[in-house]
Number of protein chains: 2
Amino acid sequence: MEVAVKKLLKSYHLRSTPVRKQVLDLFIQTSHALGKANIEAELDEIDRITLYRTLRTFEQKGIIHQAIDGSGKTKYALCSHECSEHEHHDHHAHFYCTRCEKTVCMNSITVPKIDIPDDFQIASAQLILSGTCKNCQR
Amino acid sequence: MEVAVKKLLKSYHLRSTPVRKQVLDLFIQTSHALGKANIEAELDEIDRITLYRTLRTFEQKGIIHQAIDGSGKTKYALCSHECSEHEHHDHHAHFYCTRCEKTVCMNSITVPKIDIPDDFQIASAQLILSGTCKNCQR
DNA sequence: CTTGATTATGCAACAATGTTGCAGCAAAGA
DNA sequence: TCTTTGCTGCAACATTGTTGCATAATCAAG
Ligand SMILES: [Mn+2]
Ligand SMILES: [Mn+2]
Ligand SMILES: [Zn+2]
Ligand SMILES: [Zn+2]
């Protein structure tokens, strides 16, 4: 609630503003990744530009990470506690449901190590799984 | 050249138009994936909307496939010959160079089989590798 | 509690990608 | 050459995303 979110923001050396509290609270409350449109649907009357800046700030601080799902829309989800301002450690797969368009972190599935030609220097790897989630299977 | 591209289009039951010939030829000539901006840079005076429709058509016919690279830009590359109007078979990784922003198909690297909870029904999987390509390593 | 430095907000303005509808034009087969 | 069918290019729109700047809010210090 209120106080916890405030403390959390403070621990990241971020000021507690209405937008940041609302957005962070929403991420904590939600089990799937959230993009601009999703957040706006939940949090009415919130300024687009401020939202974009809030997301960028949260990402830089290691609070949230991008959940790339091939949908073309940038979504974010809460980081695990190992992430920091200096480095993200979200080496898990993401599942994208093509029916409901929700994206979830599959924390149990780590991206496999890949051997590639020396011509390429890999800095990071991402695994996207798509299909239908439980709710969308009839 | 000219004639070959024309034949190729015909084999997919597509009319040979200037835009289609130019775009298909460019894909054949290029070793990395191409997005809207890339194509426009190479092919001047080509209409945006027609380009988008051309790309969509080529994708539907199994001529090109999306090369998702996490850059937020939709790029395409030529399909292997197994792809058709009915199904794409491009189960390889894509490498994205964060320096030059070029994306290439890594045909030799197939996306590993993943075991996931039954809650999810996987239809496809994609692997994105990012880092620096040969040209961009100093 | 008040004050002041610093930071965040919200608006305007812009840029890029992508989609649809529609009239006119071109390709390909007859 | 003609006709049908499919393709093009324009307008118009929607969505995502960025930057600059004046104003407002936060928070730590006094
Ligand atoms: Mn994640
Ligand atoms: Mn490919
Ligand atoms: Zn679903
Ligand atoms: Zn490169």
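Here is how names work: the chains are called A, B, and so on, in the same order as the sequence lines, proteins then strands, and each is numbered from 1.
Rounded to whole Å, the distance from OH on B/Tyr52 to P on D/dA14 is 17 Å. What separates NZ of B/Lys75 from P of C/dA16 is a distance of 16 Å, to the nearest Å. The interatomic distance linking A/Lys10 (NZ) with D/dT26 (P) rounds to 14 Å, in whole Å. Distance A/Ile39 CD1 to D/dG17 P: 10 Å, rounded to the nearest Å. Atom NZ in B/Lys6 sits roughly 15 Å away from atom P in C/dA26 (whole-Å rounding). In this structure, B/His13 atom NE2 and D/dC7 atom C1' are separated by 18 Å, rounded to whole Å. B/Lys21 places its NZ atom 10 Å from the C1' atom of C/dA27, with the value rounded to the nearest Å. In this structure, CG of B/Leu9 is placed 15 Å from C1' of C/dA26, rounded to the nearest angstrom.
Closest to the side chain of B/Ala37, from the set D/dG17, D/dT18, C/dT17, is C/dT17. Of the candidates C/dT9, C/dG29, D/dT16, D/dT16 carries the atom nearest the A/Lys73 side chain, counting heavy atoms from C-beta on. Minimum atom distance to the side chain of B/Arg48 is reached by C/dT17, of the listed D/dC7, C/dT17, D/dT16. Of the candidate nucleotides D/dG9, C/dT9, C/dA27, D/dG9 has the atom lying nearest to any side-chain atom of B/Asp47. Listed nucleotides D/dG9, C/dA8, C/dA12 differ in distance to A/Ile49; the shortest reach to its side chain belongs to C/dA12.
Looking at heavy-atom distances under 4.0 Å, B/Thr17 makes contact with sugar-phosphate atoms alone, never a base.
Between B/Thr74 and C/dG18, a side-chain N or O to OP1/OP2 separation shorter than 4.0 Å is present. Note on A/Arg53: every side-chain N or O is 4.0 Å or more away from OP1 and OP2 of C/dA8. Residue A/Arg56 has a polar side-chain atom (N or O) positioned under 4.0 Å from OP1 or OP2 of D/dT19.
A 6.0 Å sphere centred on NZ of B/Lys73 holds no more than 12 heavy atoms belonging to other residues, nucleotides or ligands.
Contact check on A/Glu40 versus A/Lys36 returns a salt bridge, with a Lys/Arg side-chain nitrogen under 4.0 Å from an Asp/Glu carboxylate oxygen.
The nearest pair of heavy atoms linking A/Cys136 to A/Cys100 is SG-CB, 3.5 Å. Of all heavy-atom pairs between A/Leu129 and B/Ala125, the closest is CD2-CB, 3.6 Å.
Checked by distance alone, A/Arg15 brings a side-chain donor or acceptor within 3.5 Å of a matching partner on the base of C/dT6.
Between A/Ser130 and A/Thr98, the side chains place no donor N or O within less than 3.5 Å of an acceptor N or O (distance only, hydrogens not considered).
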